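This report concerns only the one structure given below.
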There are 2 protein chains.
Amino acid sequence: MSIPARHPDIASRLGLSHLSPASADLLARGAREIVLPRGTTVFSPGQACPGWILVETGSVRVMMTADTGREILLYRVEPGESCLLTTSCLFGEEPYAATGQTETDVTALVLPASTVFHLVESEPEFRRLVFSGFGQRIGTILKTMEDAIFHRIEPRLARLLLARADAEGKLDATQADIASDLGSAREVIARHLGRLADEGILAKDRGHITILDRAALARLAAE
Amino acid sequence: MSIPARHPDIASRLGLSHLSPASADLLARGAREIVLPRGTTVFSPGQACPGWILVETGSVRVMMTADTGREILLYRVEPGESCLLTTSCLFGEEPYAATGQTETDVTALVLPASTVFHLVESEPEFRRLVFSGFGQRIGTILKTMEDAIFHRIEPRLARLLLARADAEGKLDATQADIASDLGSAREVIARHLGRLADEGILAKDRGHITILDRAALARLAAE
DNA sequence: AGGGGTCTGTGACTAGGTCACACTGAGATC
DNA sequence: GATCTCAGTGTGACCTAGTCACAGACCCCT
């Protein structure tokens, strides 16, 4: 009698083609697929790390939250990516230092810590999967922080608007969303947007912004 | 004719006792010891990473620097430690995102990237050495950043003074030193120190500070 | 039509960063 | 010993950002 593999395609979905049969089996037995509705808090500060997570569809917003309620976006975890903090929290045996929240409905693979430790020890391919992007991600976070600590809001806001806008220059975001991405306060964003609208650089609407003068905004972004 | 090992004790100095003979040899051949006088810039933003560094004596200050000249201390690398940014920069193949500068005379071991990659692949013990403290260090940096972005200077200054002072409450630091640790401006520190001195909490002297009322300072630190 | 929640606008105030410049003290040089 | 130099410090004026309080606008829902 043959035992059907629970997840016959897990290894290939992770892009792993050279696992030993024992490792492939361990992976197939350990992996669970989870579905998280939009707005779910995946982890929060002080929590221990339950396992290693790889996002398959949707995106998770990872942010730092202050006691005052202000928060700042550290990065997003997009499909095919794993989360720096989850990895470092797993290996450092430290609790999470930030909050993760689904921005959309999310499906993800979860591997128990023991499986991850074992595979990292024995499978070079898996090791690369886990640690890939580590350096880039740390660089991104440091850049974000540098921006928040040393630079003025206006150019940072301009860059965010340019990055988020679609081809027609439209983006959906409330002032609170923007403030939380930038680590600023809603009122501050309101004033800057107000001034930019007065100058004809953009148009505002409840929950939506339209960029009218991309060139002018790009000049502000370059400051 | 026997070839003398260049650094017969490198492995044991790194606390590695279970290396294969081939790995031990690779390590001994690759490792170089460097001596850096106080004030040397070890790395700076944009540089590629020349190899992996482990500090043996002295300490290296790792800081983020803004174009305005303001800077903030990320962490110090003390004896027996390696540098998070060096490791992540090596594995992420990204340039450095910060500046490292020796605070004292420093002796350190340097391993070429190829040696590190090889040993990380083949030696679990070495792998643990390289990645140990990764999680803790990331946590520390995030905490520092959170403090700088969301919290007021006064309690942060109070915590720094308490942490740096010796048993008699004395510490050697200029206002510029303190500002650079906190990611603030010298003038801001001057004003806060001035007020604390007026209140009798501390005494100032060119390059030196003496804490007079530890309890009061601790109350401010707790805010 | 009314009501509650979300989103936005704004004034008043405080904290912190920037700029400019003056002052002080300690070691170096004559 | 006088004075020169320079790192370190003190301070006012001004600007940006964050906080607090509150009002008004919009949206969906019944």
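From a predicted model like this one, the values you see are computed outputs, not experimental measurements. Labels below follow one simple rule: chain letters A, B, ... track the order of the sequence lines, proteins then strands, and each chain is numbered from 1.
Distances shown here put a side-chain N or O of Lys204(B) below 4.0 Å from the OP1 or OP2 atom of dG10(D). At dA7(D), none of the side-chain N or O atoms of Gln175(B) fall inside 4.0 Å of OP1 or OP2 (strictly under the cut-off). Proximity of Ser184(A) to the phosphate of dG18(D): a side-chain N or O atom is located under 4.0 Å from OP1 or OP2.
Here CG of Leu157(B) is found 9.0 Å from CG of Leu220(B). Values are rounded to the nearest 0.5 Å.
Put simply, CD1 on Ile153(A) is 13 Å from P on dG17(C), counting in whole angstrom units. Rounded to whole angstrom, the span from the CZ atom of Arg206(A) across to the C1' atom of dT6(C) amounts to 5 Å. Rounding to whole angstrom units, CG of residue Leu196(B) and P of dT9(D) are separated by 15 Å. Note: CZ (Arg156(A)) to P (dT16(D)) measures 16 Å, nearest angstrom. Rounded to an integer number of Å, the gap from His151(A) NE2 to dG18(D) P is 14 Å. Between the CZ atom of Phe150(B) and the P atom of dT19(D) there is a distance of 9 Å, rounded to whole Å. Between the CD atom of Glu154(B) and the P atom of dG18(D) there is a distance of 19 Å, rounded to whole Å. Atom CG of Leu193(A) is separated from atom P of dC7(C) by 15 Å (rounded to the nearest Å).
Residue-to-nucleotide proximity on DNA chain C shows that, of Ile149(A) and Glu187(A), the 5′-proximal contact is made by Glu187(A). When each of Thr68(A) and Arg186(A) is assigned the nucleotide of DNA chain D bearing its nearest heavy atom, the one mapping closer to the 5' terminus is Thr68(A). Of the residues near DNA chain C, His208(A) and Gly183(B), the one whose nearest nucleotide (by heavy atom distance) lies more toward the 5' end is His208(A). For the pair Asp205(A) and Arg191(B), both in contact range of DNA chain D, the more 5′-proximal nearest nucleotide belongs to Arg191(B).
More than 12 heavy-atom neighbours from other residues, nucleotides or ligands sit within 6.0 angstrom of CZ on Arg195(A).
Residue contacts for His192(A): at a heavy-atom cut-off of 4.0 Å it reaches the sugar-phosphate backbone alone, with no base atom in range. Counting any heavy atom pair closer than 4.0 Å across all strands shown, Gly207(A) reaches sugar-phosphate atoms only and no base atom. When heavy atoms are screened at a 4.0 angstrom cut-off, Arg70(B) is found touching the sugar-phosphate backbone but no base atom.
Ring geometry for Phe134(A) versus Phe134(B): interplanar angle of 30 to 60°, hence tilted. In this structure, Phe91(B) and Phe131(B) have tilted ring planes: the angle between them lies in the 30° to 60° band.
Looking at Leu54(A) and Val110(A), their side chains never come closer than 4.5 Å, going by heavy atoms from C-beta outward.
Side-chain atoms of Arg152(A) stay outside donor-acceptor range of the base of dA17(D), with no qualifying N/O pair under 3.5 Å.
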